[in-house]
Amino acid sequence: MKYRKLGKSELHISEISLGSWGIYEGVEQQNAVACIYKAFDVGINFIDTSNSYAAGGAESFLGEVLQGIDRSEYILATKVFFPTSPTDKGLSAAQIRKQIDASLNRLRTDYVDLYQCHRYDPDTPLEETMMALTEVVCQGKARYIGFSEWTGEQIQSALDIADVEGFVSSQPQYSMLWRDPEAEVFPLCAANGIGQIVWSPLAQGVLTGKYQPGQVPPENSRAANEKMNWYLLQELFSDSILTAVQNLKPIAQDLGLSMAQLALAWVLGSEYVSSAIIGASRPEQIVDNAAASGVQLDADVLAAIDNVLVSVICK
């Protein structure tokens, strides 16, 4: 496993990181625990979660499993914004103060390494949010702060506020099929010391090639799991996209890579990306995904990938 510096922070995180939404939701606990330990076995040191995953259940699960591991051995990130109850949501100062304490209690730790705004809150003044996040850092409850799925305009507005803690990370959706952040978010963040921790690098599993056009999703897949959020897959589940993905298989085979490894190596080829978040339902998936760290795709391979996907890339 290789490691990269996260923006202007002092954090060096594994190129492949582990997300807890895909592991905790819809996965038997025995397998979920095995996935956590296998992640450490292969060198993953960055774990990402949120207070909203299973209404805090994912944090509680991690808090229990991680008790047997030295806190200095891993980098822990969580997020705040989405509702955890009908009245608890958003990025107001009151909510941030309440939710950071609740997250730390569930995670059974005194601090998180990274505290992220899960989305932008249009109903709270940005200055209020940034001051509250600054307070969290000053109190030692978080070492650094970040955000997920903010627009360039929103990011710049935060950068323009004086005398507050600066963001070190951005968490956008990014994959071979979803390249929207390349145009504005990536360069703006790079110019201001903000690294990218990308989610859905396998496009919700579509880029593994396991979904065939015109066929029912295989058993035990994300698309077949009723507990998963189908809306995340809908826009990726057209026959044109699934057919294009199937046409990537010869490229992966020629390189001796799995489809997942090809997709992850592509994401990690970006100079802006610090880490790619994966989920897993079985430990062997983590072993396969982790092997993408350090794989470099040359210009001819990148051109071949773009040629296959040219008509289906979302920008």
Side-chain angles (χ1 to χ4, degrees), residues 6-9 11 13 17 19-21 46-56 58-59 75-85 87-104 106-107 111-174 180-181 184-186 188-190 192-200 272-275 277:
L6 178 59
K8 60 190 174 187
S9 78
L11 302 176
I13 63 177
S17 48
S20 65
W21 177 75
F46 182 78
I47 299 176
D48 179 80
T49 188
S50 169
N51 68 336
S52 64
Y53 296 164
E59 288 182 331
I75 295 168
L76 184 59
T78 193
K79 298 185 285 290
V80 58
F81 170 77
F82 287 114
T84 56
S85 76
T87 58
D88 288 325
K89 61 182 179 180
L91 298 176
S92 68
Q95 275 301 304
I96 287 173
R97 290 169 186 147
K98 178 178 181 178
Q99 296 302 326
I100 185 61
D101 287 343
S103 289
L104 294 178
R106 287 189 292 263
L107 290 165
Y111 70 96
V112 290
D113 298 280
L114 184 64
Y115 198 47
Q116 303 158 102
C117 302
H118 210 157
R119 292 295 186 271
Y120 185 84
D121 184 358
D123 298 322
T124 299
L126 183 56
E127 292 84 356
E128 177 180 340
T129 296
M130 296 305 297
M131 288 295 292
L133 292 172
T134 301
E135 179 182 296
V136 167
V137 174
C138 290
Q139 291 174 342
K141 296 177 181 180
R143 295 174 64 190
Y144 299 100
I145 59 172
F147 56 82
S148 178
E149 294 293 343
W150 283 25
T151 66
E153 181 179 359
Q154 292 163 351
I155 297 166
Q156 187 60 59
S157 294
L159 292 169
D160 290 341
I161 299 173
D163 301 322
V164 294
E165 188 72 18
F167 287 123
V168 303
S169 71
S170 163
Q171 190 177 126
Q173 180 180 184
Y174 185 58
D180 182 72
E184 184 177 15
V185 170
F186 281 6
L188 174 60
C189 287
N192 290 279
I194 300 171
Q196 306 296 322
I197 306 165
V198 303
W199 65 273
S200 197
Y272 301 114
V273 173
S274 299
S275 185
I277 300 173

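In this structure, L188 and G152 approach most closely via the heavy-atom pair CD2-O, 3.4 Å. Nearest approach of P83 to S52, heavy atoms of both residues: O-CB, 4.2 Å. The two residues Q171 and S148 have their closest heavy-atom pair at O-OG, 2.7 Å. Nearest heavy atom pair, residue T84 against residue A55, reads O-CB, 4.3 Å. Taking each heavy atom of Y111 and G140 in turn, the nearest pair found is CB-O, 3.3 Å. Across all their heavy atoms, E184 and E153 have their closest contact at OE2-N, 4.2 Å.
Without hydrogens or angle criteria, K79 side chain to T49 main chain gives a donor-acceptor distance under 3.5 Å. Side-chain atoms of Q154 come within 3.5 Å of backbone N or O of T151 as a donor-acceptor pair. At least one donor-acceptor pair under 3.5 Å links the side chain of T134 to the backbone N or O of E165. Here the side chain of Q173 pairs no donor or acceptor atom with the backbone of W199 at under 3.5 angstrom.
Applying the salt bridge (charged side-chain N to carboxylate O under 4.0 Å, His left out) definition to pairs two or more places apart or across chains, those involving residues 118-145 are R97-E135, D101-K141, D113-R143.
Counting only heavy atoms from C-beta outward, the side chains of V198 and P172 approach each other to under 4.5 Å. Side-chain contact between Y115 and I96 is present, with at least one heavy-atom pair separated by less than 4.5 Å. Y53 has its side chain within reach of S20: a pair of non-hydrogen atoms, C-beta onward, lies under 4.5 Å apart. By the 4.5 Å heavy-atom criterion applied to side chains, C189 and F147 are counted as neighbours.
Residue Q99 is tested with L104, V136, D88 for a side-chain contact (heavy atoms from CB on, under 4.5 Å); the sole match is D88. Q116 pairs with exactly one of D48, I145, L133 by the side-chain contact (heavy atoms from CB on, under 4.5 Å) rule, that one being D48. Checking each of L91, L126, I155 against Y120 for a side-chain contact (heavy atoms from CB on, under 4.5 Å) leaves exactly one that passes, namely L126.
With a 6.0 Å radius and a threshold of 12 heavy atoms from other residues, nucleotides or ligands, D163 has its CG atom at or below the threshold. Surrounding NZ of K8 are more than 12 heavy atoms belonging to other residues, nucleotides or ligands, all under 6.0 Å away.
Taken from CH2 in W150 to SG in C117, the straight-line distance is 4.5 Å, to the nearest 0.5 Å. Once rounded to the nearest 0.5 Å, the distance linking CG of L6 with OG of S274 reads 5.0 Å. Atoms CD1 and CZ, on I197 and F46 in that order, are 3.5 Å from each other to the nearest 0.5 Å. Atom OG of residue S170 and atom CZ of residue F186 lie 7.0 Å apart, to the nearest 0.5 angstrom. To the nearest 0.5 angstrom, F81 atom CZ is 8.5 Å from K89 atom NZ. Separating the CG atom in L11 from the CD1 atom in I75 is a distance of 5.0 Å, to the nearest 0.5 Å.
Counting only N and O atoms by type, the side chains of S103 and E59 include a donor and acceptor under 3.5 Å apart.
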